[in-house]
Amino acid sequence: MTPLDAQGRVCGEDVFIPAHASGGAWHQDIVSVQCAAGRRRPGLRQEGRVVGIEARGLTEIPAHMARRRGGWLECVPADGRLDFRLRVPVPDGEDVPHTGDLLVIAPERALDDGLWLGRLTARMGREDDVRVQEELVKCNHETPREFPPRVLAEAGALPGEPGPEDWRGREDLRAAVLATIDGEDARDFDDAVEVTPEPDGWRLRVAIADVSHYVRPRTALDDEARERGNSWYFPTSVEPMLPFALSNGLCSLVPGRPRLAMLAEVYFDRQGRPGETRFAPVVMCSAARLTYTQVRACVLDRDAAARAALAATARGDEVLRMLDDALALFRVLRRARLERGALDFDVPEPAYEMDGEGRLLSVRCRERHDAHRLIEEFMIAANEAVARRLGRCRLSADGRIVTPPATGDGATPRPPREEAAPFLYRVHPQPDAERLESLFDTLRATALEAAPSGSAAADAGGLRAALARARGTEQEFLVNRLCLRAMPQARYQTRNEGHFGLASEAYCHFTSPIRRYADLTVHRVLKCALGMDAGPLPAGQRLERVADGLNRRERAAMDAEREMARRMACLALRGREGEVFHGVISGLMEFGLFVELRDMPVEGMIRVEDLGPDWYEYDARRQTLSAMHGGGLWRLGQALDVRLLEVRPGRLEIRLVPADAGEEGETRPRRRGPRPCRREERPGGRSAFRERRRGGTRDDDKRARRAEEKAGRALRGRRRGGGR
């Protein structure tokens, strides 16, 4: 028996636990497992079964009130990973919760298989309230909430504004035309930019809030920031990495106020190549707080009224001239980055509109334009500049960060790994050759014009060429989705492997220390490289542990964001059952189609049984699902009109059917006949379980699924050389 942690890992390795082998364990439980006997096939995870529950990870569970039966409330956990029901006594002297209300329940003991007795501890509110949904997601993902008293005490002891004593030894840039550009709802401003034309190019200044001046290592503020890892953003709220006194006050680059910052100054030539670079601690004063919409109107659309309104503000004329220069540099930098091979995925993000009662009014795709890309390009340039500088540094025997002198040919010798400066790179590995080969094989199988050909195409250059050829065509959606799925996830680590997506040889995160702990650690290393006191720096295994923790917190925040988006999608579609929407097939599996709606970034599913009575075959290589008798064929990227059949917020399910389906999801009858036999099929063979049976009764479906699961378990046992 082997103990597992909450992430399901044993000795650093993932173990797959099938649903039938969970032994009553819940998400986040600490359990003991027994690993399956037999040799494991390469590339497959170890499989096991739960044999003991060491500790329950959840003491309170958010749940939906399903119905009342006599003196009991029957509730369903709001987290879809918890597959059981809760029975709660109706509280005395209180209003009985309504069906659909969200409650917080403490499980007490098991009453039956899949049924637990619980105790009502709190009522969260209406299910259609966005703020209630946010609280639910925060509970499900253990999002950090209130700051501990020690952290708040340290934050409260800091000054409200930086004083002259904080400016000592800093370059005074209060007269520079440094401006912040953020969204309309932003409150924490951690970066400001200025672009100045030069005879042979431009000078870019990026000033980043100097959080490390206030948050020192090994303090309560630092420990809490490292534990949170990053700020957690929700539609109506944010759980910040730092207390609001810092994130929205002392560290935020609010206009007209002196603020401490770290400066990255880079010269670029007319082709966008970086030249002389310098870094310095500065005191600055933001000349303007601009929004993306405002920059678009003034610089991209050249709207006379918007330009006049900005010019009428303090230093408005200077800001306008600076923005015109910034746009010119942005276009050069973006063109240079794309030419060097950077990938350009423009994934739509949701934007929400709500009323004063917290109800969701609409979901739409957030508009992205060159005002957003301008800031992104400048932040990339600053991050690369810092990574280049720190990548040349080394850790001396006495613990100082030093930069070795350049050799005669202008190159700086790469220090041994054990002597490299202890800082975190932001790494995006290149997809492995096998994954790229599989991707291009799929592209060729779909008969796309963008598909590379030949074995030489299975590399990074072939991927970029496929994206470029598909841009602006009907194939763009399909190619982008397939390429995105082939990408590994970016991560923090101490060893540089480059950033594949940005085509950058060295990259780190430096530009958002208010909301990312990794950036704060990079600021400290940069200060040490400049001869400043930044406190003790983690190195070696300790820094590796910091990186692992930050990667886990980043994934947790992303999971919370995805669940929140799914809940918002369910809220947006509630009450619209029966409506027809335009969509595009965004994914296919043996059990159905995933369809993304055109007018909003919302995805629903068409179950295979809702496609009509037929046999269906899924082709992973061609990314198609075909009806073997009726002649229907569905492929990734195909436009499709769908009708909303059902929305189940409790299970985060959006059920769609083809627009020509009947009221109950039944499509037009298709030609039926005996299923064609295949020579390679054997009774109980693998392909038998990939095929869906023809339409029948609900009991028939259940019996067939049980038979398939039982046979599948037996088949897996034979492949492992053991099993039941």
Side-chain angles (χ1 to χ4, degrees), residues 173-209 248 252-259 261 263-272 282 284-338 344 346 348-349 351 353 364-382 511-512:
L173 289 185
R174 286 178 291 171
V177 192
L178 286 158
T180 63
I181 305 176
D182 291 276
E184 281 80 359
D185 55 352
R187 296 293 180 269
D188 51 346
F189 311 121
D190 49 15
D191 59 82
V193 299
E194 179 193 47
V195 176
T196 307
E198 298 288 334
D200 56 350
W202 297 267
R203 178 183 65 185
L204 170 65
R205 282 176 169 172
V206 177
I208 305 299
N248 289 24
S252 186
L253 305 182
V254 293
R257 300 282 189 86
R259 288 292 183 264
L263 175 72
E265 184 177 85
V266 189
Y267 287 82
F268 291 95
D269 64 16
R270 294 293 176 182
Q271 286 70 47
V282 300
M284 58 153 292
C285 188
S286 174
R289 182 271 197 260
L290 305 173
T291 67
Y292 296 120
T293 303
Q294 189 177 9
V295 173
R296 175 180 182 174
C298 291
V299 182
L300 303 179
D301 299 338
R302 312 295 294 182
D303 183 88
R307 291 179 69 88
L310 179 56
T313 63
R315 308 187 70 181
D317 287 329
E318 295 176 274
V319 173
L320 273 175
R321 287 194 296 270
M322 188 275 291
L323 290 177
D324 290 335
D325 295 328
L327 181 63
L329 174 60
F330 152 71
R331 287 172 172 165
V332 171
L333 291 182
R334 180 173 173 80
R335 182 173 63 250
R337 188 166 61 86
L338 293 178
D344 187 24
D346 211 355
E349 296 182 358
E353 181 184 0
R364 56 180 173 80
C365 293
R366 189 181 300 276
E367 188 179 14
R368 272 180 51 82
H369 44 72
D370 279 352
H372 298 85
R373 300 184 184 99
L374 179 146
I375 289 299
E376 292 171 1
E377 204 66 51
F378 292 167
M379 297 304 108
I380 291 172
T511 54
S512 296

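Hydrogens, waters and symmetry mates are skipped; everything else that's a heavy atom, side chains included, is used. When a residue number appears, it is its place in the shown sequence, counting from 1. Every value quoted in this text rests on a predicted model; they were computed, and no experiment measured them.
- Here R334 contributes atom CZ and L329 contributes atom CG; the two are 13.5 Å apart, rounded to the nearest 0.5 Å.
- For the atom pair CG (D325) and CG (L204), the distance works out to 11.5 Å, reported to the nearest 0.5 Å.
- In this structure the side chain of V177 reaches within 4.5 angstrom of the side chain of V319, judged on heavy atoms.
- Checked by atom type and distance alone, the side chain of R259 never pairs as donor or acceptor with a backbone atom of M284 at under 3.5 Å.
- One finds the OG1 atom of T196 at 12.5 Å from the CH2 atom of W202 (value rounded to the nearest 0.5 Å).
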L338 vs D344, side chain to side chain contact (heavy atoms under 4.5 Å, CB included): CA-CA, chis, key distance, verdict: CA-CA 8 Å; L338 293 178; D344 187 24; 4.0 Å; yes

Worked verdict on F378 versus V195 for side chain to side chain contact (heavy atoms under 4.5 Å, CB included): CA-CA 10 Å; F378 292 167; V195 176; 3.8 Å; yes

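- Closest non-hydrogen pair, A287 versus R315, comes out as CB-NH1, 4.0 Å.
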Trace of the side chain to side chain contact (heavy atoms under 4.5 Å, CB included) decision for M322 with L178: CA-CA 9 Å; M322 188 275 291; L178 286 158; over 6 Å; no

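- Summarising the geometry of E184 relative to R187, their closest heavy-atom pair is O-NH1, 3.7 Å, with the distance given to 0.1 Å.
- Residues E376 and R337 are not paired through a salt bridge, judged by the lack of any N-O separation under 4.0 Å between the basic side chain and the carboxylate.
- Nearest heavy atom pair, residue A382 against residue A264, reads CB-CB, 4.4 Å.
- Taking every heavy atom of both residues into account, P255 and A288 meet most closely at CB-C, 4.4 Å.
- Distance alone, capped at 3.5 Å, places no donor-acceptor pair between the T180 side chain and the A192 backbone.
- Rounding to the nearest 0.5 angstrom, the gap separating the CG atom in D182 from the CZ atom in R289 is 6.0 Å.
- Atoms CD and CG, on Q271 and L333 in that order, are 11.5 Å from each other to the nearest 0.5 Å.
- Counting non-hydrogen atoms of other residues, nucleotides and ligands closer than 6.0 Å to CZ of R257 gives a total of 12 or fewer.
- Ion pairing between D324 and R302 holds under the 4.0 Å rule for side-chain N and carboxylate O.
- Distance CG/L290 to CD1/I375: 9.0 Å, rounded to 0.5 Å.
- Across all non-hydrogen atoms, the minimal contact from G272 to V332 is N-CG1, 3.3 Å.
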CA sep, side-chain torsions, deciding dist, call: R203, F268, side chain to side chain contact (heavy atoms under 4.5 Å, CB included): CA-CA 6 Å; R203 178 183 65 185; F268 291 95; over 6 Å; no

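- Pairing each heavy atom of P258 with each of C285, the nearest pair is N-SG, 4.3 Å.
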